[in-house]
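Let me begin by handing over the structure; questions about it come next.
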4 protein chains.
Amino acid sequence: MTDYFANIPAIKYEGEGSTNEFAFRYYNPDEVILGKRMEDHLRFAIAWWHSFAYTGGDPFGGQTYERPWFGDSIEAAKMKADVAFEMFDILGAPFFCFHDADIRPEGKTFAETTKNLETIVDHIGQRMESSKTKLLWGTANLFSHRRFMAGAATNPDPEIFAYSAATVKTCMDATLKLGGANYVLWGGREGYETLLNTDLTRESENAGRFLQMVVDYKYKIGFKGTILIEPKPQEPTKHQYDFDVATVYGFLKRFGLENEVKVNIEQGHAILAGHSFEHELALAASLGILGSIDMNRNDYQSGWDTDQFPNNHGEMALAFYEVLKSGGFTNGGTNFDARLRRQSLDAEDLILAHVGGMDTCARALKSAAKLLEDGALEKARADRYAGWETPEAKAMLGSSLDDIYADVVAKNLDPQPVSGRQERLENLWNRFL
Amino acid sequence: MTDYFANIPAIKYEGEGSTNEFAFRYYNPDEVILGKRMEDHLRFAIAWWHSFAYTGGDPFGGQTYERPWFGDSIEAAKMKADVAFEMFDILGAPFFCFHDADIRPEGKTFAETTKNLETIVDHIGQRMESSKTKLLWGTANLFSHRRFMAGAATNPDPEIFAYSAATVKTCMDATLKLGGANYVLWGGREGYETLLNTDLTRESENAGRFLQMVVDYKYKIGFKGTILIEPKPQEPTKHQYDFDVATVYGFLKRFGLENEVKVNIEQGHAILAGHSFEHELALAASLGILGSIDMNRNDYQSGWDTDQFPNNHGEMALAFYEVLKSGGFTNGGTNFDARLRRQSLDAEDLILAHVGGMDTCARALKSAAKLLEDGALEKARADRYAGWETPEAKAMLGSSLDDIYADVVAKNLDPQPVSGRQERLENLWNRFL
Amino acid sequence: MTDYFANIPAIKYEGEGSTNEFAFRYYNPDEVILGKRMEDHLRFAIAWWHSFAYTGGDPFGGQTYERPWFGDSIEAAKMKADVAFEMFDILGAPFFCFHDADIRPEGKTFAETTKNLETIVDHIGQRMESSKTKLLWGTANLFSHRRFMAGAATNPDPEIFAYSAATVKTCMDATLKLGGANYVLWGGREGYETLLNTDLTRESENAGRFLQMVVDYKYKIGFKGTILIEPKPQEPTKHQYDFDVATVYGFLKRFGLENEVKVNIEQGHAILAGHSFEHELALAASLGILGSIDMNRNDYQSGWDTDQFPNNHGEMALAFYEVLKSGGFTNGGTNFDARLRRQSLDAEDLILAHVGGMDTCARALKSAAKLLEDGALEKARADRYAGWETPEAKAMLGSSLDDIYADVVAKNLDPQPVSGRQERLENLWNRFL
Amino acid sequence: MTDYFANIPAIKYEGEGSTNEFAFRYYNPDEVILGKRMEDHLRFAIAWWHSFAYTGGDPFGGQTYERPWFGDSIEAAKMKADVAFEMFDILGAPFFCFHDADIRPEGKTFAETTKNLETIVDHIGQRMESSKTKLLWGTANLFSHRRFMAGAATNPDPEIFAYSAATVKTCMDATLKLGGANYVLWGGREGYETLLNTDLTRESENAGRFLQMVVDYKYKIGFKGTILIEPKPQEPTKHQYDFDVATVYGFLKRFGLENEVKVNIEQGHAILAGHSFEHELALAASLGILGSIDMNRNDYQSGWDTDQFPNNHGEMALAFYEVLKSGGFTNGGTNFDARLRRQSLDAEDLILAHVGGMDTCARALKSAAKLLEDGALEKARADRYAGWETPEAKAMLGSSLDDIYADVVAKNLDPQPVSGRQERLENLWNRFL
């Protein structure tokens with residue numbers, strides 16, 4: 001046992017009235033909400049990269065954190081894993097997520113890198129035996145190393161495609177071995193810096209082929225989890241091919257993969273793409289591809305990915321309402337793709353940031369569930385579209401422009417608008433926050 | 001003949017050296033570029049709405065223009081048409097575009113509105129007999145009247161769907177009658193203000209059905225033109241369903257219409273969606289759905305649709321390069337969806353704004369054509385992806401993750417990045433501007 | 001009495017548990033918060049323009065509302081005023097705000113316009129005699145009419161400067177007559193569309209001179225209220241001179257008016273300028289120029305002024321915390337510069353939007369007050385800067401670079417960073433929401 | 001001599017027709033423009049940080065460049081300097097700029113760091129003896145090291161203020177020693193991440209005091225150059241105190257330093273602040289504080305500082321027109337605060353990026369100069385404001401609201417708007433590109 005979190009107690013639920021920093025005020029894992037335990041609704045995951053691998057750097061400054069496990073050795077990687085599981089215990093986190101590069105040192109060769117991965121996967125597997133924390137998803141980091149600077153699956157160089165494909169194979173193996181519920185693809189470098197040197201058609205066809213191989217391999221190895229794509233519009237590239245949910249849907253349809261792959265939606269990425277988080281969730285649910293969420297917060301005045309911990313339960317309730325309305329998570333969950341501010345140096349900061357994020361989500365879930373149970377919002381929505389339930393309306397949808405034209409003329413139709421009642425519905429919403 | 005443009009001469013090509021405000025310095029219709037007349041490349045169109053119907057209003061102020069043809073009568077509408085054709089003659093514009101609401105007064109009933117449309121269509125038809133200016137596209141205004149405030153094809157009220165469908169039928173008839181090369185759908189109100197009162201699934205299914213009806217009707221009446229959707233992300237709504245090219249592509253695939261419908265891409269809408277104009281063009285070309293363009297400029301610091309005339313030929317060259325690379329326009333063209341600033345009150349302003357816009361595009365086209373002819377950029381692009389032309393690379397694309405993995409290990413692959421040469425290519429580009 | 005709000009009851013406080021749409025759940029005017037009645041803290045005002053003059057138009061569509069008082073006559077203007085006071089009574093609104101153009105019809109001449117203003121001011125004055133609602137501020141609309149298209153105080157035409165100055169004189173007179181607590185200047189057209197035709201130096205000097213005249217006239221007529229400038233970055237212009245609080249401060253300093261004029265800060269304008277609302281409030285308080293607030297909400301994904309009613313109390317609490325910390329309003333107040341969505345057609349919508357907005361603010365105020373009373377946040381802030389309270393630190397501020405250099409070398413100073421504790425403070429904040 | 005640029009020739013002017021990548025097509029140092037050599041107009045500087053210290057990292061990836069001089073030793077730093085001067089020679093760069101941290105390795109103590117700085121300054125001084133390249137400005141890096149994570153002059157910890165002040169002293173000494181024409185302050189960390197832990201008043205007062213010390217020290221050591229502040233709105237912080245030109249002006253006025261300090265304006269920072277580059281230049285010129293420019297380009301669709309090389313001469317011409325109109329640079333110059341894309345790995349890329357940037361600026365300068373010489377734009381501007389030159393207009397500016405009111409009524413003034421002619425002026429502008 002490391003002593004990194006010495007003196008930090010396990011976090012327990014104490015209720016709204018608690019003033020204890022080291023307690024949950026809303027997150028009560030066993031509390032039943034809409035017939036399901038809160039823990040099973042939210043399925044919180046801790047992200048290895050932000051919590052254990054991020055050093056505090058930003059584009060204008062270097063490392064600010066001093067963590068005893070920083071370093072490139074297997075020993076450091078094991079210590080990092082040990083600390084991670086200590087944190088999972090403190091928080092009672094049911095899940096974690098990782099990239100290969102977060103958990104293992106890079107080797108000198110592909111083979112050595114793979115061996116390092118296997119060594120650490122074994123180590124993590126051992127830790128999992130004595131832990132209640134499971135793997136929500138694994139993924140491959142195909143963006144940090146300079147070899148990926150021009151993309152992985154969409155690289156102009158076939159050797160890098162090959163290197164990427166081989167890496168994904170090892171990460172899918174690792175995810176399977178650790179019992180992961182999903183496997184994620186984040187195309188951080190799958191995009192371009194300038195159209196001048198880019199062949200959009202070839203790159204997207206290669207990306208489609210790559211994804212098909214991932215799906216094929218899933219079946220080959222008997223992985224039962226869900227394959228997820230994480231949309232993002234830009235940063236680090238000028239343009240990323242997985243811009244947003246609608247773009248990913250079109251990509252999946254193009255390659256016939258819309259029943260094989262779902263999306264992992266991040267709040268910050270939604271914002272950078274010009275959408276609200278709840279829009280992306282609602283759209284994915286409507287298209288049948290809502291898989292999982294990366295929970296964080298993007299500063300509304302910053303044009304880059306700020307990855308902050310969520311702290312506004314009113315906003316998050318809009319998100320969880322969409323999740324609940326879609327039936328809730330199956331394989332998916334709520335992964336904190338959120339990192340400490342670089343000035344938050346202390347072990348306490350790391351724990352308390354998650355406590356705050358978990359409580360914000362729990363509070364939001366409870367509000368969303370109450371509103372859904374109440375039914376008033378869904379009734380108002382249904383009433384607004386009630387006209388479409390008539391036989392005449394259904395018949396019209398099956399007819400043609402000229403038939404409808406004849407009908408409009410015959411009836412001298414002059415439809416009158418009715419109030420959309422937005423503010424009333426916002427007030428209704430606020431009653432449940 | 002009206003005397004609105006009295007004293008303004010027909011605009012002729014005088015070459016780069018000209019200092020005559022009322023002359024083209026680059027646009028030389030008969031000049032042959034890449035084997036085609038410049039006029040046939042650019043296929044400029046004048047937009048009825050901005051040039052003849054816009055009054056100068058903005059969200060904080062009312063009408064600034066005083067045009068003799070403003071008013072709601074048939075007479076005013078005829079005068080507007082007469083002025084329009086005088087302007088087309090002055091500019092030598094080969095095409096124009098219109099919405100129904102631009103050209104006819106609204107009637108008291110649907111039937112009267114339709115009759116008004118037919119009356120003005122006949123009038124315009126007569127004017128076209130003695131003019132060289134043709135119709136690039138017609139469209140229906142399904143957004144200005146209060147009945148459309150909650151959408152047309154996506155309205156919660158089936159009667160408004162019906163009214164919209166009937167209106168589109170009359171506008172397709174009008175477009176056919178006037179020999180239009182395309183028919184456009186712009187979903188200005190097809191979106192939402194708040195998710196709280198919106199049924200995304202139903203609205204998008206209705207939109208898909210509506211579009212199918214439009215395609216069916218096209219075949220029924222023997223319209224040979226192209227059906228175009230114009231993407232736009234937002235404004236007037238918070239979110240529009242036709243957000244950008246990728247979103248429209250997904251929508252078309254979803255409803256099996258990707259071979260029936262193309263896109264009409266606007267510079268300003270690309271910018272509001274977080275893309276460069278050339279990105280949207282390149283993507284549409286890559287997906288096989290590039291139809292036509294709405295030429296304008298969006299101020300980069302303004303978050304709304306500024307619809308300015310283009311004035312930076314360097315930027316426009318990037319756009320025309322994509323158009324040329326895709327093979328150039330067939331039915332499509334370059335419609336000036338650009339309006340005078342509201343302080344530009346004079347008849348001269350209206351003419352000269354178009355002169356500047358046409359010259360900017362012509363200059364851009366010439367630069368783009370020279371670079372394409374030169375071949376250096378395409379050669380650099382091909383070289384960058386040359387690895388993919390090898391049999392090994394092609395074989396790899398047909399293999400699997402585990403086969404590739406075995407190969408990477410066997411070869412101890414360690415691919416090295418090569419320079420993307422962005423700045424060199426930008427310099428190359430600049431040689432042709 | 002009009003019957004526009006027939007069947008809508010006066011809104012009363014019923015407490016958090018109430019499910020009555022037509023009741024306050026948080027706004028309890030007589031409840032004492034930090035030693036002051038809630039009504040006296042918040043000083044809510046209703047904006048004449050949005051509530052009674054806005055027709056539902058937007059850049060892509062016209063009027064959607066059908067109000068019996070719409071029209072250009074004195075009678076319509078009186079009816080509008082009567083309805084306004086009925087609404088003030090229903091809401092128990094302590095204040096209202098107006099532009100001249102909201103309350104009176106434009107006349108054929110300046111004199112007639114002034115006479116119309118005086119007539120309606122008299123009418124409003126009579127209504128105020130039997131009402132508890134007072135005037136928070138008046139202002140002149142120097143942006144809607146075409147004469148102001150190129151600015152008012154910054155117009156290239158001195159006659160328009162004159163017309164604007166004369167108009168402001170009449171509006172200040174009206175504000176004085178109605179007992180207004182402030183007089184506001186909103187420079188909606190004081191800016192430019194293009195630098196190409198703009199003389200920045202002359203325009204800003206004229207603006208400075210104009211403001212001085214306003215201050216002089218205030219003293220001349222014995223107006224005891226505060227002169228306020230409302231910052232806004234753009235829209236309708238490309239650039240507005242009153243971009244944000246910092247810009248207005250520089251302008252005031254330049255013309256020596258920083259002790260005469262304060263700012264009226266709007267949430268939506270802060271967002272459009274790239275700031276959070278609380279930033280603008282905190283900065284103005286720090287600079288000693290915080291006057292009043294225009295309460296609304298700007299959609300974070302829309303790049304124009306959306307002027308929605310606030311509905312997120314967590315965000316608003318951050319704003320009211322700054323107001324409370326600065327000592328609270330003196331002359332200023334909370335003006336709802338918020339308008340119904342254009343689809344919200346009904347009288348009920350108008351009332352309930354304000355109910356929701358007032359409740360959101362009241363809830364926010366209560367949270368902010370509790371946190372301020374608790375003192376934990378201010379203690380954390382004071383602790384963070386405690387080093388500056390030492391004599392050494394104060395002495396250092398009075399010394400010089402080379403003295404400090406000598407000291408750093410002598411002490412071999414190697415200062416270590418300490419945690420900024422952002423997430424912990426966010427958690428603390430959330431305890432009070 | 002290093003052989004890093006072996007085989008790359010010195011870049012010469014060959015004229016527009018040249019197709020030689022390694023030649024200038026517009027930049028002709030000795031060509032006389034408006035009575036001054038082009039080199040003396042543009043005063044190009046190479047930035048040490050981007051060209052020699054940037055490793056190719058971004059927020060999602062590490063080093064991509066492999067430069068022989070990377071490392072933390074004095075030897076590496078000397079090699080870096082040697083390569084730098086070789087590049088200056090190849091480009092014929094008249095100036096360079098640096099931060100202390102770019103040129104020297106950090107020491108274990110402040111004293112050692114200072115000694116390292118002095119060692120390298122001596123080395124650079126020697127190189128300058130045999131070079132024509134001079135120092136445009138020096139500056140201190142008070143943002144990269146973790147000690148500055150919460151600010152330098154605005155840090156909550158007085159010891160960090162002290163460390164920063166001492167560092168600036170050493171950098172001003174170095175700048176003086178190397179004959180620098182300016183000294184720059186860039187407040188990269190002078191701002192905040194969250195208002196919750198920030199004391200705006202104290203921080204800004206300390207910043208004012210710090211700046212006063214810098215000015216005092218300038219006089220003390222007899223530095224004749226200009227002190228410059230570089231505005232930036234955000235990134236790395238959520239908010240930076242030097243948001244934009246207007247904000248800096250207000251800050252200078254507040255502390256009485258508006259005649260002592262000017263601004264160094266960067267294109268990318270202007271864009272991030274919501275302004276055009278030419279706006280910031282024009283405003284600074286109008287306020288008398290235009291000092292120097294940091295030349296680069298910000299991608300319009302990216303919300304972070306992209307620092308690309310400029311490549312659109314049409315846009316840059318708008319910038320240089322403002323510089324020329326203000327009288328041109330005195331101490332200031334055109335510093336390329338632009339970095340290679342991280343995929344541009346080669347030595348050739350580094351040279352050619354600068355060649356392209358210099359040519360873009362030279363071409364822009366020539367266009368701007370021609371238009372200024374032509375006089376048509378300035379005449380149009382003067383005509384637009386001609387009314388203000390009449391005695392009546394001048395008298396009005398000296399009068400009062402009530403006098404003006406009386407005059408407006410007496411004359412029954414009804415001013416009519418005139419066209420702003422924006423598009424015509426844009427066409428005029430384009431004639432000179």
Side-chain angles (χ1 to χ4, degrees), chain A residues 16-19 21 25-26 56 64 270-271 273-276 279 298-303 308-315 338 340-346 348-357 359-360 363 374 376 416-431 433, chain C residues 16-19 21 25-26 56 64 270-271 273-276 279 298-303 308-315 338 340-346 348-357 359-360 363 374 376 416-431 433:
Chain A
E16 281 193 46
S18 172
T19 60
E21 274 196 299
R25 298 170 59 246
Y26 296 94
T64 58
I271 300 305
H275 306 299
S276 67
H279 168 82
N298 214 73
D299 183 85
Y300 287 117
Q301 283 83 50
S302 304
Q308 294 170 265
F309 281 87
N311 68 355
N312 187 306
H313 66 275
E315 280 191 359
L340 287 179
R341 298 306 83 198
R342 73 191 290 267
Q343 295 184 40
S344 299
L345 304 179
D346 300 341
E348 284 86 349
D349 293 317
L350 192 50
I351 298 297
L352 291 175
H354 283 88
V355 170
D359 254 358
T360 296
R363 189 174 182 183
D374 177 87
Q416 295 302 311
V418 294
S419 175
R421 297 191 162 194
Q422 180 166 340
E423 294 83 3
R424 292 177 90 149
L425 297 176
E426 290 173 351
N427 290 359
L428 172 65
W429 183 268
N430 264 317
R431 257 212 287 134
L433 290 187
Chain C
E16 281 194 46
S18 174
T19 60
E21 273 195 299
R25 299 171 57 246
Y26 296 93
T64 57
I271 299 305
H275 306 300
S276 67
H279 168 81
N298 213 72
D299 183 84
Y300 288 117
Q301 284 82 50
S302 304
Q308 294 170 265
F309 281 85
N311 67 357
N312 187 305
H313 68 275
E315 281 192 0
L340 288 179
R341 299 303 85 196
R342 73 191 288 268
Q343 296 184 40
S344 300
L345 304 180
D346 301 341
E348 284 85 352
D349 294 318
L350 191 51
I351 298 298
L352 291 174
H354 283 89
V355 169
D359 255 359
T360 297
R363 189 173 181 183
D374 177 87
Q416 295 302 311
V418 294
S419 174
R421 298 192 161 192
Q422 179 166 338
E423 295 83 2
R424 290 177 91 148
L425 297 176
E426 290 172 350
N427 290 359
L428 172 64
W429 182 268
N430 264 316
R431 256 213 288 133
L433 289 187

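If you're wondering where the values come from, they're calculated on a predicted model, not measured in any experiment. Within every chain, numbering begins at 1; the chains are lettered A, B, ... in the order of the sequence lines, protein sequences first and strands thereafter. Values reported hereafter were calculated over all heavy atoms of this structure, with side chains retained and with hydrogens, waters and symmetry mates removed.
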Requested in this report: Go through D349(C), V355(C), T360(C) and name the one with the most non-hydrogen pairs under 4.5 angstrom from chain A.
Outcome: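 Of the options given, most contacts go to D349(C).
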Query raised in the report: Side chain, backbone, both or neither: which part of E315(C) has a heavy atom under 4.5 Å from chain A?
Result: both
Query raised in the report: Atom CG in D346(A), atom CD in E423(C): separation rounded to 0.5 Å?
Result: 10.5 Å
Query raised in the report: If every non-hydrogen atom of S344(C) is compared with every non-hydrogen atom of S419(A), which pair is closest and at what distance?
Result: CA-OG, 3.5 Å
Query - Portion of R342(A) that has a non-hydrogen atom of chain C nearer than 4.5 angstrom - result: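 Interface part for R342(A): neither.
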Query - Which portion of H279(C) sits near chain A, non-hydrogen atoms under 4.5 angstrom - result: neither
Requested in this report: Taking all non-hydrogen atoms of both residues into account, name the closest pair between L345(C) and V418(A) and its distance.
Outcome: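 Closest heavy-atom pair between L345(C) and V418(A): CD1-C, 3.9 Å.
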Requested in this report: First locate atom CG of N312(C), then atom NE2 of H313(A), and finally report the distance between them rounded to the nearest 0.5 Å.
Outcome: 8.0 Å
Report summary line: Honestly, the part of T19(A) sitting under 4.5 Å from a heavy atom of chain C is both
Query - R421(A), CZ atom: more than 12 neighbouring heavy atoms under 6.0 Å - result: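 Check fails, neighbour count at 12 or below.
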Requested in this report: Calculate, to the nearest 0.5 Å, the distance between atoms CG and CG belonging to N427(C) and N311(A) respectively.
Outcome: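 N427(C) atom CG to N311(A) atom CG measures 8.5 Å (nearest 0.5 Å).
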**Report entry** Contact class of Q422(A) relative to chain C, heavy atoms under 4.5 angstrom
**Finding:**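 The answer is both parts of Q422(A).
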**Report entry** Among S302(C), G314(C), S18(C), A353(C), residue most engaged with chain A (heavy-atom pairs, under 4.5 Å)
**Finding:** A353(C)
Report summary line: For D359(A), the side-chain contact (heavy atoms from CB on, under 4.5 Å) test, sequence neighbours excluded, returns F24(A), R25(A), Y26(A), Y27(A)
Query raised in the report: What closest approach, in Å, do R363(C) and L433(A) show between heavy atoms, and which atom pair accounts for it?
Result: NH2-O, 2.7 Å
Query raised in the report: What part of L428(A) is in contact with chain C, defined as an atom under 4.5 angstrom from a non-hydrogen atom: side chain, backbone, both or neither?
Result: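 Answer is neither: L428(A) stays 4.5 Å or more from chain C.
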